Structure formats: C-alpha cells, structure tokens
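One structure is given here, and the rest of the page talks about it.
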There are 2 protein chains.
Amino acid sequence: MTGSHTLGETEARVANRLSHMALDFEAMAVSSNLFRAASAVRNHFERNVLSESGLSWTAFVVLWVTWIWEPAETRDIAAEAGISKATLTGVLSTLEKLDLVVRTRSTEDGRLVLVTLTKKGHDLMENLFPAFNRQEVEVVSPVAPGKRSELADMLRAITEKIEG
Amino acid sequence: MTGSHTLGETEARVANRLSHMALDFEAMAVSSNLFRAASAVRNHFERNVLSESGLSWTAFVVLWVTWIWEPAETRDIAAEAGISKATLTGVLSTLEKLDLVVRTRSTEDGRLVLVTLTKKGHDLMENLFPAFNRQEVEVVSPVAPGKRSELADMLRAITEKIEG
DNA sequence: TTTATATTGTTCGTATCCAAACAATCTCGA
DNA sequence: TCGAGATTGTTTGGATACGAACAATATAAA
C-alpha cells in the first residue's frame with residue numbers, strides 16, 4: 001500500500017472535506033502517483049543496485065549521460081539529466097572525488113567544461129549498467145509490455161508540456 | 001525538448017555504444033521519463049503556484065495530507081507523502097516556522113506526535129489548493145482525458161511493486 | 001514485576017536540489 | 001576596437017532527502 005490509507009479512503013475523504021470546491025480528481029491522481037512512483041523508483045535503485053558503488057540516483061544518471069556522449073559539455077549533461085547546472089557542479093564534484101570522471105576546461109570556449117569518464121568510471125559502467133537495466137525491467141514489470149511505450153510517451157508529453 | 005538530444009539521437013547513440021549488451025530500451029524509457037516528468041512537474045509547481053507562499057513541493061504535500069486527515073499522526077503523514085520520518089521532522093519544522101501547522105505529543109501514546117493546521121494554514125489551503133489543482137489539470141492536459149486514469153493506475157502499480 | 005523487543009520521532013552526517021549572485025568568457029553591433 | 005548583452009560554471013544560502021544512531025515509550029512474555 002502506498003500510504004496508510006487506500007486510494008478509495010483518500011478520495012472519499014477529499015470529496016467529503018473539499019465538496020465546496022470544483023476539483024479534478026484524475027489530474028490529482030496523475031500528479032500524486034507520478035511523484036510517488038518516481039520517488040519509490042529512485043529509493044529502490046539507491047538502496048539496491050547503486051548502494052554498493054556508493055552512487056546516488058542522480059550521480060548515476062550523470063555518469064550514464066557522460067558515458068554515452070563523452071566528451072560531454074556540462075550544459076548538455078545538466079539538460080539531459082534534468083538537473084540545474086548548480087546541482088551538476090556538486091554532483092560532478094562527488095564523481096570526481098570517487099575518481100569516476102575528469103573535468104577539463106574547453107580550449108575552444110573558455111566558458112565550457114568538458115567531462116569524460118576515467119578508466120575506473122568505464123569499468124564501473126560496464127558492470128553496473130546491465131544490472132541497473134535488469135532492475136529497470138523488474139520495476140516496470142507490472143505494466144503490460146504493450147503499454148510501456150505508451151506510458152513512456154505520456155510521461156514525455158507531460159515533461160515537454162512544461163519545458164516547452 | 002527534454003534534453004539537448006532528441007530521444008531518437010539518444011537511442012541511436014546508446015544502441016551503438018552498448019551494442020555488446022542485451023538491453024531493454026522500453027524499461028529504460030519508462031524509468032528515465034518517469035523521473036524527468038516528476039522532476040519537471042515538481043519544479044514547475046515550485047516556480048509557479050507554490051512560490052508566492054514560500055512552500056516547496058514536499059511542504060505542500062505534507063500540508064495537504066495533514067489538512068485532509070487532521071489531526072494526523074506523523075507516521076501516517078510520512079507514509080502518505082512518501083517521505084521518511086527523518087525528512088518529515090525537518091519539513092514540519094519549516095511549516096511550524098511559517099506558522100502553518102502545530103505539533104502536539106499524543107496524550108495516549110507518548111511515542112506519537114499529532115499535527116493540525118493553524119487558522120493561517122487552513123486559510124492558505126482554501127485558496128492555494130484550487131489553484132494547485134488547476135495547474136495539475138494544465139500539466140496533464142497533453143494526456144488524453146480517457147487515458148489519465150490508466151496512467152495513474154500504471155504509476156500506482158509501479159509504486160506498489162516496489163513498496164509491496 | 002521485570003526484561004526483551006518493537007515502535008516512534010529526533011538528531012547527525014552527508015548528498016542532492018535550486019535560485020540568485022557572481023566572475024569569466026564569448027558574440028555582435030556600432 | 002570597444003562596449004553591451006548573453007552564456008557559462010561556480011559559489012552561497014537554505015531546503016529537502018535518507019540511513020544510522022539514539023532516547024523515550026509501549027507491548028508482551030516469562
């Protein structure tokens with residue numbers, strides 16, 4: 001159960017308490033479940049797959065994006081990972097401390113910083129990512145295989161609506 | 001665009017770079033878009049509806065859960081909001097500082113803490129929640145109305161799979 | 001009655017997270 | 001060539017986020 005009260009109890013209570021308001025329960029259900037699911041997935045991965053390499057969810061995502069596009073510019077990594085550049089600076093500091101990435105100021109544009117994985121970073125991702133992906137499969141297994149693309153599309157549409 | 005590269009570019013790059021691995025792209029797409037959408041929704045609400053009352057997304061959720069069930073026990077609020085009790089302690093401190101809630105130690109069980117909204121808290125929610133819900137409607141508008149319940153159900157199934 | 005075990009909320013340490021401010025760099029138009 | 005405006009990454013301050021450890025309280029069994 002995702003909380004102490006069932007969904008039915010919650011909606012009944014909300015309907016009763018807020019009957020003087022015109023509310024859209026479907027929209028409410030989508031956004032609350034979106035947040036709950038994302039939080040549960042993140043915690044699950046941090047507790048299981050990621051815990052032995054000492055990576056947080058976001059550190060892993062940053063490492064993954066850099067792995068795919070290296071050498072990667074920090075402004076692009078932040079955009080791909082969906083975090084601010086301020087946050088990325090801190091997460092890269094953590095990854096550097098773990099000796100997983102290296103930051104280099106661009107020679108072509110002094111404003112830009114390029115990031116690459118170290119050998120240790122590459123070795124880690126070669127082993128960690130398949131395990132990560134197996135957990136991804138596990139986590140989405142309650143969703144019918146035919147519905148997973150549709151789910152991803154709906155989620156992407158929500159993000160695009162917000163970020164234009 | 002949700003990142004500097006389109007989805008197609010990313011998948012092509014991943015397929016090329018990781019062709020030696022057996023990967024499930026659908027599972028990958030679901031979990032990455034889940035996290036991106038939740039993050040985008042949260043940031044959108046914090047920047048818009050919630051910014052003038054100085055509330056974070058989580059502070060709002062805690063206030064809302066307490067509003068619905070008050071007097072509410074902290075262990076239930078944490079469970080409903082999907083955050084740890086350690087985090088709830090800090091968020092309640094923030095809400096108390098804003099004079100929106102009051103914490104009381106239970107007289108029946110000395111381990112428990114009960115939370116209620118202040119008058120200021122009630123007044124805030126009467127005005128803020130309808131505006132919040134209107135933004136929820138806006139944010140889910142890219143998803144066809146007939147599909148919203150289905151989307152909420154799939155997300156709920158993922159959370160329940162993880163949290164048992 | 002006593003002791004062991006469980007539950008609760010808080011504290012601590014550490015990481016993430018963002019907006020705002022800032023310094024450095026780049027670009028473009030006059 | 002120079003100055004205005006834009007872009008980049010970092011720093012700062014404050015909030016969230018969690019696991020582990022801890023103290024206080026409750027419960028159950030001997």
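All figures in this text were calculated on a predicted structure; none of them were measured in a lab.
- The nucleotide whose nearest atom lies closest to any side-chain atom of A:R75 is, among D:dG9, C:dC26, C:dC17, D:dG9.
- C:dA15 atom P lies 16 Å from atom CG of A:L88, rounded to whole Å.
- For the pair B:I83 and A:K85, both in contact range of DNA chain D, the more 5′-proximal nearest nucleotide belongs to A:K85.
- Taking 4.0 angstrom as the limit, B:T87 places a side-chain polar atom (N or O) nearer than this to OP1 or OP2 of D:dC18.
- For the pair A:R47 and D:dC18, the criterion of a side-chain N or O lying under 4.0 Å from OP1 or OP2 is not met.
- One atom, CZ of B:R111, and another, P of C:dT8, lie 6 Å apart when rounded to the nearest Å.
- Ion pairing between a basic and an acidic side chain is recognised when a charged N comes within 4.0 Å of a carboxylate O; A:R148 and A:E136 show no such pairing.
- With the nearest nucleotide of DNA chain C identified for both A:W57 and A:E108, A:W57 has the one nearer the 5' end.
- The interatomic distance linking A:L95 (CG) with D:dG9 (P) rounds to 16 Å, in whole Å.
- In this structure, B:T94 reaches the D:dT16 phosphate: one of its side-chain N or O atoms is under 4.0 Å from OP1 or OP2.
- At D:dA17, one or more side-chain N or O atoms of B:T58 fall inside 4.0 Å of OP1 or OP2 (strictly under the cut-off).
- Regarding contacts with the backbone of C:dT16, a side-chain N or O of A:S56 is found under 4.0 angstrom from either OP1 or OP2.
- Between A:F60 and A:F132, the ring planes lie parallel to each other; the angle is under 30°, not in the 30° to 60° tilted range.
- Comparing D:dG9, C:dT10, C:dT16 by their nearest atom to the side chain of A:A59 picks out C:dT16.
- Note on A:R42: every side-chain N or O is 4.0 Å or more away from OP1 and OP2 of D:dA17.
- Clustering ILVMFWY residues whenever any of their side-chain heavy atoms sit less than 4.5 angstrom apart, transitively, puts A:L23 in the very cluster that holds B:W64.
- Here D:dG19 presents its P atom at 11 Å from CG of A:N48, a figure rounded to the nearest Å.
- Atom P of nucleotide C:dT16 and atom CG of A:L50 are separated by 12 Å, given to the nearest angstrom.
- If you check D:dT25, C:dT8, C:dT10 against the side chain of B:D109, the one that comes closest is D:dT25.
- Between B:M125 atom CE and B:L117 atom CG the span is 7.0 Å, to the nearest 0.5 Å.
- In this structure, the nucleotide among C:dG9, D:dG9, C:dT7 sitting nearest to the side chain of B:V113 is C:dG9.
- Note on B:S84: a side-chain N or O is less than 4.0 Å away from OP1 or OP2 of D:dC18.
- Residue B:R105 has its side chain nearest to C:dG9 when only C:dG9, C:dT25, D:dG9 are considered.
- In this entry the distance linking CG of A:L98 with P of C:dT14 reads 14 Å, nearest Å.
- Proximity of A:N43 to the phosphate of D:dA17: no side-chain N or O atom is located under 4.0 Å from OP1 or OP2.
- In this structure, a donor-acceptor pair under 3.5 Å is absent between the side chains of B:R156 and A:S32.
- Aromatic pair A:W57/B:F35: ring centres closer than 6.0 Å.
- Remark: P of C:dA15 and CG of A:L100 are 14 Å apart, rounded to the nearest angstrom.
- Atom P of nucleotide C:dC26 and atom CD of A:E73 are separated by 13 Å, given to the nearest angstrom.
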